[in-house]
A.B. asks: 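Got a structure for you, questions after.
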Amino acid sequence: MMSLLYHLNGELVERAQATVHVDDRGFRYGDAAFETCRAYGARVFEWNRHRDRLEATCETLGMAEAVPDDLESRVEATLSANELEEAYVRVSVSRGVQPGKLTPAAEVDPTVAVYVRPLCRGGVGGEPIWDGPATVETVETRRIPDAAVPVDAKTHNYLNGILARLELRESDADEAIMRDTDGFLAEGATSNVFFVDDGTLRTPATGTILPGITRERVVELAASVGIPVEMGRYEPAALRDADEAFCTNTTWELRPIARIDGKPVGRGDATAGDGDGTAGGGPITERLRAAYDELVERRCYD
Ligand code: PMP
């Protein structure tokens with residue numbers, strides 16, 4: 001990997017030196033909040049929404065004051081120190097070093113890290129994040145319910161998604177689709193899921209999923225281009241029988257799904273492309289991908 005500078009507790013440090021203490025509660029218990037963002041043209045897309053969600057997660061964790069006021073300038077400094085314009089940007093805020101007890105101390109001295117790596121957009125800037133539509137599989141691992149760990153909070157507790165992804169070892173699929181504890185469709189290990197039926201775009205309602213920022217944006221874009229949107233509780237079969245399907249997250253943006261549980265989606269519109277970002281999905285997926293691209297262009301390159 002190229003040499004990178006990370007931003008740790010207010011300082012730029014070489015990636016190899018960007019380490020945390022074993023008594024850090026983020027390491028000990030997953031007691032931390034994070035955001036994965038994406039920079040285009042050196043600007044972080046949807047920064048305000050990411051910052052708001054990070055603050056909301058910290059509030060859920062009872063450490064609302066942990067997010068530093070100058071977080072955005074730390075991110076900008078990290079991008080600029082690495083001369084990165086097209087990048088993956090991750091921001092983590094842990095409750096910090098507190099030896100001993102599970103019960104958190106009232107005083108919080110957070111560990112704050114910003115880490116980046118190059119990502120490719122339009123053929124420039126590093127590795128493409130995906131070079132073909134996704135194959136997905138419904139797994140046995142259920143989405144942790146809101147009553148156990150609030151689903152809106154984006155914490156370092158990712159064992160749920162890790163266990164789901166481990167189930168894919170046999171099949172080599174790209175994403176694991178989890179059901180909620182009632183058996184309804186929830187989300188992927190690191191993505192939200194959408195499908196299209198007779199021209200209507202459908203996605204599981206909030207309450208059993210992480211409300212993704214990309215999901216929210218796609219719903220807004222669909223409304224703005226006149227695609228009917230419905231949010232509800234769906235049987236997993238609804239996804240398998242859909243005309244089109246795609247996953248969303250900040251780094252994948254909208255990633256068409258080609259196969260679900262071994263079966264091609266719809267008429268098999270999702271195409272592999274030739275590894276340069278030309279892969280695509282069905283007509284509604286492509287309209288939404290174009291709308292998303294236009295928004296990125298307008299916000300980040302104008
Ligand atoms: N669900 C889960 C469980 C995730 O980890 C992610 C990625 N953060 C998403 C959905 C998509 O969220 P976003 O669009 O904000 O990246």
Side-chain angles (χ1 to χ4, degrees), residues 30 32-40 44-58 60 75 87-93 115-117 119 121 129-130 134 136-139 141-146 148-168 174-181 184-195 201 203-222 229 231 234 239 245-257 285 288-289 291-293 295-296 299:
F34 83 103
E35 283 297 317
T36 295
C37 312
R38 189 160 172 178
Y40 301 91
V44 178
F45 185 56
E46 310 278 29
W47 171 254
N48 291 341
R49 292 184 183 194
H50 284 287
R51 188 181 165 106
D52 287 351
R53 189 168 63 183
L54 185 68
E55 284 180 346
T57 301
C58 286
T60 300
V75 169
Y88 164 102
V89 179
R90 181 170 157 139
V91 179
S92 282
V93 178
Y115 27 133
V116 294
R117 69 182 157 83
L119 267 194
R121 182 171 195 262
I129 191 73
W130 51 268
V136 307
E137 237 171 71
T138 315
V139 294
T141 302
R142 299 299 173 98
R143 176 66 168 94
I144 292 179
D146 189 58
V149 177
V151 290
D152 291 2
K154 192 164 164 67
T155 72
H156 276 208
N157 181 346
Y158 258 67
L159 277 179
N160 195 198
I162 291 167
L163 292 172
R165 285 274 175 91
L166 281 172
E167 288 191 51
L168 302 181
D174 301 295
E175 181 59 304
I177 304 295
M178 290 184 282
R179 290 163 287 169
D180 65 24
T181 44
F184 294 104
L185 190 61
E187 62 181 336
T190 67
S191 62
N192 293 117
V193 61
F194 284 83
F195 58 98
L201 183 66
T203 193
T206 52
T208 61
I209 57 165
L210 178 80
I213 288 168
T214 322
R215 170 186 178 279
E216 183 181 25
R217 180 58 73 188
V218 165
V219 166
E220 290 165 9
L221 288 172
V229 186
M231 287 172 256
Y234 305 107
L239 176 65
F246 59 91
C247 295
T248 60
N249 69 27
T250 296
T251 44
W252 283 351
E253 305 169 332
L254 288 75
R255 183 173 181 182
I257 298 176
T285 309
L288 289 166
R289 286 181 67 208
Y292 192 88
D293 257 7
L295 185 70
V296 168
R299 293 272 176 87

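The structure displayed is predicted, hence computed values, not measured ones. Order of appearance sets the numbers: ligands from 1, and atoms from 1 within every ligand. These numbers come from the heavy atoms of this one structure, side chains and all, not from hydrogens, waters or symmetry mates.
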A.B. asks: Can you pull the salt bridge (Lys or Arg N to Asp or Glu O under 4.0 Å) pairs that have at least one residue in residues 206-215, sequence neighbours excluded?
C.D. replies: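 Passing the test, one end in residues 206-215: no pairs.
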A.B. asks: Taking 4.0 angstrom as the limit, do Glu35 and Arg51 come out as a salt bridge?
C.D. replies: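 Judged by the 4.0 Å cut-off on N to carboxylate O distance, Glu35 and Arg51 do not form a salt bridge.
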A.B. asks: What class does the angle between the rings of Tyr40 and Phe45 fall in, given that below 30° is parallel, 30 to 60° is tilted and above 60° is perpendicular?
C.D. replies: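 Perpendicular: the ring planes of Tyr40 and Phe45 meet at over 60°.
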A.B. asks: Put together the list of close N/O pairs, under 3.5 Å, between ligand 1 and the protein, could you?
C.D. replies:
unit_1   : atom_1 : unit_2 : atom_2 : d
ligand 1 : 1 (N)  : Glu187 : OE1    : 2.7
ligand 1 : 5 (O)  : Tyr158 : OH     : 2.4
ligand 1 : 8 (N)  : Lys154 : NZ     : 2.5
ligand 1 : 14 (O) : Ile213 : N      : 3.3
ligand 1 : 14 (O) : Thr214 : N      : 3.0
ligand 1 : 14 (O) : Thr214 : OG1    : 2.6
ligand 1 : 15 (O) : Arg53  : NH1    : 3.0
ligand 1 : 15 (O) : Arg53  : NH2    : 2.9
ligand 1 : 15 (O) : Ile213 : N      : 2.8
ligand 1 : 16 (O) : Thr250 : N      : 2.9
ligand 1 : 16 (O) : Thr250 : OG1    : 2.7

A.B. asks: Using side-chain contact (heavy atoms from CB on, under 4.5 Å) as the criterion, list what pairs up with Asn157, not counting sequence neighbours.
C.D. replies: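 Result, side-chain contact (heavy atoms from CB on, under 4.5 Å) vs Asn157: Val149, Thr155, Leu159.
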A.B. asks: How would you list, by chain and number, every residue that makes a side-chain contact (heavy atoms from CB on, under 4.5 Å) with Thr250, sequence neighbours excluded?
C.D. replies: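 If we apply the side-chain contact (heavy atoms from CB on, under 4.5 Å) test to Thr250, skipping adjacent residues, the hits are Arg38, His50, Thr214.
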A.B. asks: Are Arg90 and Phe34 in a cation-pi setup, meaning NZ or CZ lies under 6.0 angstrom from the ring centre and within 45 degrees of the ring axis?
C.D. replies: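 Because its charged atom sits under 6.0 Å from the ring centre and within 45° of the axis, Arg90 does stack over Phe34.
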